[in-house]
Amino acid sequence: MLSEQEIVRREALAQIKALGIEPYPAAEYPVNAYAADIKENYNQAEEEADRNYQDAALAGRIMMKRIMGKASFAELQDSTGRIQLYIARDTICPDENKDLYNKVFKKLSDIGDFIGIKGKTFTTKTGEISIKVSEFTFLSKSLRPLPIVKEKDGEVYDAVTDPDFRYRQRYADLVINPAIRDTFRKRTLIYSTMRKYLDTKGYLEVETPILQPIYGGAAARPFKTHHNTLDMTLYLRIANELYLKRLIVGGFEGVYEFSKDFRNEGMSRFHNPEFTQIELYVSYKDYYWMMDMTEEMIEQVAIATNGTTKVQVGENVIDFKRPWKRYTMYEAIEHFTGIDISEMDEDAVRETAKKLHVPTDPSMGRGKLIDEIFGEKCEAQLIQPTFITDYPVEMSPLAKKHRDKPGLVERFEGICNGKEFCNAFSELNDPIDQRERFEAQLELGKRGDEEAMTLDEDFLRALEYGMPPTVGIGIGMDRLAMIMTNSNSIQDVLFFPQMKPEANQGKEEDADE
RNA sequence: ACGCCUGUAGCUCAGCUGGUGGUAGCACCUGACUUUUAAUCAGGGGGUCGUGGGUUCGAACCCCACCGGGCGUACCA
């Protein structure tokens, strides 16, 4: 069923065609100016001829019409912003035939239509820089009405806030809430800042398989698929760690990849089934070096996206200025609970967890219990960027044992705004130790841990050829983007977040036929 | 997955203790208007009150189930 407004627009389309006007022309429209540039640079002085925009040609959507008889105003929204158009009947229709104004503009053009206009820039008597239109061309007729958002003095009226609408119809959201484009521009700026930083250091951006016969590199449940020709099960990667390490074995000194990873787990405002990490591996370095590098790189990201190291996130101002705080995991737990668990055995840690009202279950080993205590009692309180170091070995089957703290690995996580956003370690490169760790994981799997890692023989073969000492890091790009853009939900930093299927999609499609 | 909140026109929202769905604003249609800017003025159309049951003389409102959405919790990045 078409709404009244949709029927009206289809009728307008038919009338446009009946007037011999092509509503979807093929030819290039020669744009020579943009709304934001004109507003910023317009200068009517004679000697500023290059900045007076007297032959401006713009293209964009009509976003507002104010019809006033023989002259009207409209707002044109292009990729840079909006500018007011002044459309006088006798200017666009110098001859006897006033159809272009009376019919085409006043009746047949709608909010949302793409048009091209040519005209002279001037300032109205109320001081608004506007274009006096001399030519008006349909570029694309819009058949579906956009919700209209109005604004005055910075206050927005009738803003479309329905998240369902915004996420499902992001294309419309971007049109009517153009401020969100900034969020996505910033997201891209985060990528380009990091890419520039890493390229300058000489590291190689690479691509590795998304379809993997054995998923590894993290603890998570995968999406499973099937390749017909090879008749084999393939998994969508949950991480790319093991492939990047193979490239370190192959002799690259530094490799990185912005990688879409896939985890078949719950969704929340911090989780989307597909998400992006950057993983970076550098040989001959250790996790101390990586902490320094991470601070420097993320500080640059903050400055690039916010102009300063200080970023407003919710109610907090987070300062990414180096150096960040560093706690070992034991120190962090002692700091927030007053209890030193570093010397405790598994039973004592379990008792401590119970005393702190941290939920436990019998399958948890000492490492998992410590991780739970940290997650419950410490993580949410770490607002400013902080490195937590030296994790229990049980939790980190790919990390190198600590050079002088038994039972721990050389690992750190970066925490910010109460959430982990990166995870790094001095990589385990002892192939015999690595095999034992994988075997321990297999044991955990037998005990019912669905996220236990599987044993990857090919990866072990690579390690046996020899991998240099290497440090690696994974940074959650979506989480980083949330922080840098002050977004409360991962859905706000993904153009097309995963959604449940639309309830009446089938019906709608039938109606469209 | 569980708990709490929520669903009224294309959008934003009123709707009292259950008594005929709102003269609501924007959008849309008709008309007026050559410097307006949330344009204004006069008129008009538009609804399966998320869906299906139940209670009741009577349900947008109360009850149940289902379907969307939000926020927490859990798993995790």
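Order of the sequence lines sets the chain letters (A, B, ...), proteins ahead of strands, with each chain counted from 1. As the structure is a prediction and not an experimental result, all values here were calculated from the model.
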Between the protein and nucleotides 47-49 of chain B, which nitrogen or oxygen pairs are less than 3.5 angstrom apart?
none

query: From B/C28, B/G72, B/U36, pick the nucleotide closest to the side chain of A/V8?
result: B/C28
- line: To the nearest angstrom, the CD1-P distance between A/I62 and B/C28 comes to 11 Å
task: Please list, chain by chain and in numerical order, all residues satisfying side chain to side chain donor-acceptor pair (under 3.5 Å) with A/R66, sequence neighbours excluded.
output: A/E75, A/Q84
task: Inspect the contact between A/R237 and A/E257 and indicate whether a charged nitrogen and a carboxylate oxygen are less than 4.0 angstrom apart.
output: yes
- request: Go through the N and O atoms of the side chain of A/Y86 and the base of B/U34, and report whether any donor-acceptor pair is under 3.5 Å.
  value: yes
message: Suppose we call a contact any N or O donor and acceptor under 3.5 Å apart; does that hold for the side chain of A/E4 and the base of B/G46?
response: no
- prompt: Would you say B/A38 has OP1 or OP2 under 4.0 Å from some side-chain N or O of A/K152?
  reply: yes
- request: Take atom CD1 of A/I7 and atom C1' of B/C28, then tell me their distance rounded to the nearest Å.
  value: 11 Å
- request: Mark yes when over 12 heavy atoms from residues, nucleotides or ligands other than A/R221 sit less than 6.0 Å from its CZ; otherwise mark no.
  value: no
- prompt: In whole Å, what separates the P atom of B/C63 from that of B/U48?
  reply: 25 Å
- prompt: What residues form a ring pair (Phe, Tyr, Trp, His ring centres under 6.0 Å) with A/F138, not counting sequence neighbours?
  reply: A/F136
query: Does a side-chain N or O from A/K65 land closer than 4.0 Å to OP1 or OP2 of B/A27, or not?
result: no
- line: residues 364-380 of chain A vs side-chain hydrogen bond (donor to acceptor under 3.5 Å, both in side chains), sequence neighbours excluded, gives A/Y330-A/R366
message: Output the pairing pattern of RNA chain B as a dot-bracket string, 5' first, Watson-Crick or G-U wobble with both distances under 3.5 Å, | for cross-strand pairs, [ ] for crossing pairs.
response: (((((((..((((.....[..).))).(((((.......))))).....(((((..]....))))))))))))....
- request: Could you state the atom-to-atom distance from CZ of A/F270 to P of B/A74 in whole Å?
  value: 12 Å
query: Is the A/Y256 to A/Y203 ring centre distance short of 6.0 Å?
result: no
field: Nearest atoms (heavy-atom pairs only) where A/R166 meets A/V160
entry: CD-O, 3.5 Å
Results of side chain to side chain donor-acceptor pair (under 3.5 Å) for A/K106 - residues two or more places apart only: none
- request: Please measure how far the C1' atom in B/G7 lies from the corresponding atom in B/A60, and state the result in whole Å.
  value: 11 Å
- prompt: The side chain of A/D90 lies closest to which of these nucleotides: B/A39, B/U34, B/G31?
  reply: B/U34
- request: For residues 382-396 of chain A, pull every pair meeting salt bridge (Lys or Arg N to Asp or Glu O under 4.0 Å), keeping only residues two or more places apart or in separate chains.
  value: A/D390-A/K405
query: Which residue pairs pass the ring-ring contact (aromatic ring centres under 6.0 Å, His included) test with at least one member in residues 63-84 of chain A, sequence neighbours excluded?
result: A/F73-A/Y86
query: Between A/K107 and B/C29, does any side-chain N or O lie under 4.0 Å from OP1 or OP2?
result: no
B/G22 and B/A59, which share atom name P, separated by this distance in whole Å: 16 Å
- prompt: How is A/M477 classified with respect to the nucleic acid when contacts are heavy atoms under 4.0 Å: base, sugar-phosphate, or nothing?
  reply: nothing
query: What's the CZ-C1' distance between A/R221 and B/A1, to the nearest Å?
result: 11 Å
field: Per-nucleotide protein contact string for nucleotides 7-15 of chain B, where B marks a base within reach and S marks sugar-phosphate only (heavy atoms under 4.0 Å, - for neither)
entry: ----SS---
- request: Answer yes when A/E6 and A/R9 have at least one side-chain N-carboxylate O distance shorter than 4.0 Å, and no when they do not.
  value: no
query: Can you name the side-chain contact (heavy atoms from CB on, under 4.5 Å) partners of A/T225, sequence neighbours left out?
result: A/L211, A/L234, A/L236
field: Sequence-distant partners of A/Y215, ring pair (Phe, Tyr, Trp, His ring centres under 6.0 Å), two or more places apart
entry: A/Y235
task: Give, ordered by number, those residues of residues 66-79 of chain A having at least one heavy-atom distance below 4.0 Å to an atom of RNA chain B; if nothing qualifies, reply none.
output: A/R66, A/I67, A/M68, A/G69, A/K70, A/A71, A/F73
- request: Determine whether any donor atom in the side chain of A/E128 lies under 3.5 Å from an acceptor atom in the base of B/U36, or the reverse, and answer yes or no.
  value: no
